[in-house]
> 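Please read through the structure below; I'll follow up with questions.
Residue numbers start from 1 in every chain, and the chains themselves are labelled A, B, ... in the order their sequence lines are given, proteins ahead of strands.
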Amino acid sequence: GQQVKQSSPSLTVQEGGISILNCDYENDMFDYFAWYKKYPDNSPTLLISVRSNVDKREDGRLTVFLNKSGKHFSLHITASQPEDTAVYLCAAGQQGTGSKLSFGKGAKLTVSP
Amino acid sequence: NSKVIQTPRYLVKGQGQKAKMRCIPEKGHPVVFWYQQNKNNEFKFLINFQNQEVLQQIDMTEKRFSAECPSNSPCSLEIQSSEAGDSALYLCASSRGADTQYFGPGTRLLVL
């Protein structure tokens, strides 16, 4: 079964607003969590990642929140811009050499001007 | 920006034909992953290597695929006998080791 789930396949936000993307996972052993951005016909590009020893990480307009007890993590994008429009994939895995990632199916974010 | 190179970008094969795709990982990345993204946008892990050694692979890959990462040559993934269900985007990713994976542009395979 799907180990990482993105329950909302799409989201529309007004320019300047906050975009919130959510991800749930099943495996208690996961200790590495990441968000990737994917434009059409392009490969996923890493946006931000976090390890399980923290519950929040900020990088510019991006913040990842991790709730280990709830097996949930989210990506917040503040001051959303039209160029943020893309598919966002969450991924989780175990730290360690060669550990594979489990991905969600993605969520399409549309930021309207 | 990722520097993982994948060729070809598009591949069309008939059922039963071999389908081979290649990946050059980022310089200095000893770990290489292959994933399959199907039409439902589901990612499936296929196989990974550390240098030339296979670390993990799924049953399907072991039975139907041939993969290698020789030293000083591109990594490759080859389907021995393509099936319609193999039509998908095949993504190669490389990593320095512990976590962050950088993806190539993918090879989109269509099996007619």
> I would like to know whether A:Asp24 and A:Val4 meet side-chain contact (heavy atoms from CB on, under 4.5 Å); could you show each step before the answer?
CA-CA 6 Å; A:Asp24 297 293; A:Val4 176; over 6 Å; no
> Chain B heavy atoms under 4.5 Å from A:Leu46: which part of the residue, side chain, backbone, both or neither?
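Looking at A:Leu46, just its side chain touches chain B.
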> Which atoms of B:Arg9 come close to chain A, meaning under 4.5 Å heavy atom to heavy atom: side chain ones, backbone ones, both, or neither?
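Answer is side chain: those atoms of B:Arg9 sit under 4.5 Å from chain A.
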> Please test A:Lys71 against A:Glu26 for salt bridge (Lys or Arg N to Asp or Glu O under 4.0 Å), starting from the C-alpha separation and ending with a verdict.
CA-CA 7 Å; A:Lys71 292 193 233 177; A:Glu26 294 184 356; over 6 Å; no
> Report the distance from atom CZ of A:Phe30 to atom NZ of A:Lys68, rounding to the nearest 0.5 Å.
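Answer rounded to 0.5 Å: 10.5 Å.
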> Test A:Glu58 against A:Lys56 for salt bridge (Lys or Arg N to Asp or Glu O under 4.0 Å), laying out the working first.
CA-CA 7 Å; A:Glu58 285 183 68; A:Lys56 178 182 170 183; 3.6 Å; yes
> Please report the interatomic distance CG(B:Asn48) to CG(B:Leu55), rounded to the nearest 0.5 Å.
4.5 Å
> Heavy-atom distances under 4.5 Å only: say whether B:Tyr35 touches chain A with side chain, backbone, both or neither.
side chain
> Which atom names give the shortest non-hydrogen contact between B:Thr61 and B:Leu46, and what distance separates them?
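What the structure gives for the nearest pair is OG1-O, 3.1 Å.
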> Do you know the tightest heavy-atom contact between A:Ser74 and A:Asn22?
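In terms of heavy atoms, the two residues are closest at CB-OD1, 3.4 Å.
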> Out of A:Ala91, A:Gly93, A:Ser43, return the one with the most heavy atom pairs under 4.5 angstrom to chain B.
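The residue among A:Ala91, A:Gly93, A:Ser43 with the greatest pair count is A:Ser43.
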> Which residues from residues 5-21 of chain A are near chain B, with near meaning under 4.5 Å between non-hydrogen atoms?
none
> Could you tell me whether the SG atom of B:Cys92 lies less than 2.5 angstrom from the SG atom of B:Cys75?
no
> Taking atom NE2 of B:His29 and atom OG1 of B:Thr100, what is their separation to the nearest 0.5 Å?
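Result: 9.0 Å between the selected atoms.
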> Let me know if B:Gln6 has heavy atoms under 4.5 Å from chain A in its side chain, its backbone, both or neither.
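Contact with chain A involves no heavy atom of B:Gln6 at all.
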> Would B:Gln80 and B:Arg64 satisfy side-chain contact (heavy atoms from CB on, under 4.5 Å), going step by step from the backbone distance to the final call?
CA-CA 6 Å; B:Gln80 296 300 300; B:Arg64 299 183 51 242; 5.9 Å; no
> Less than 4.5 Å to any heavy atom of chain A: does that hold for the side chain of B:Gln50, its backbone, both, or neither?
side chain
> In terms of heavy-atom pairs under 4.5 Å with chain B, which of A:Gly106, A:Ser49, A:Ser99, A:Gly104 leads?
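The candidate making the most pairs under 4.5 Å is A:Ser99.
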> Could you tell me whether the side chain of A:Thr85 and the main chain of A:Val111 form a donor-acceptor pair under 3.5 Å?
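Side chain of A:Thr85 to backbone of A:Val111: a pair is present.
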> Kindly give the heavy-atom pair with the smallest separation between A:Asn67 and A:Tyr25, and that separation in Å.
O-OH, 4.3 Å
> For a quick test of reading the model, state the closest non-hydrogen atom pair linking B:Leu89 to B:Pro105 and the distance between them.
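Smallest interatomic distance, heavy atoms only, reads CD1-O, 4.3 Å.
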> Identify the residues of residues 31-38 of chain A whose heavy atoms come closer than 4.5 Å to a heavy atom of chain B, ordered by number, or report 'none'.
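Residues of residues 31-38 of chain A touching chain B at under 4.5 Å: A:Tyr32, A:Tyr36, A:Lys38.
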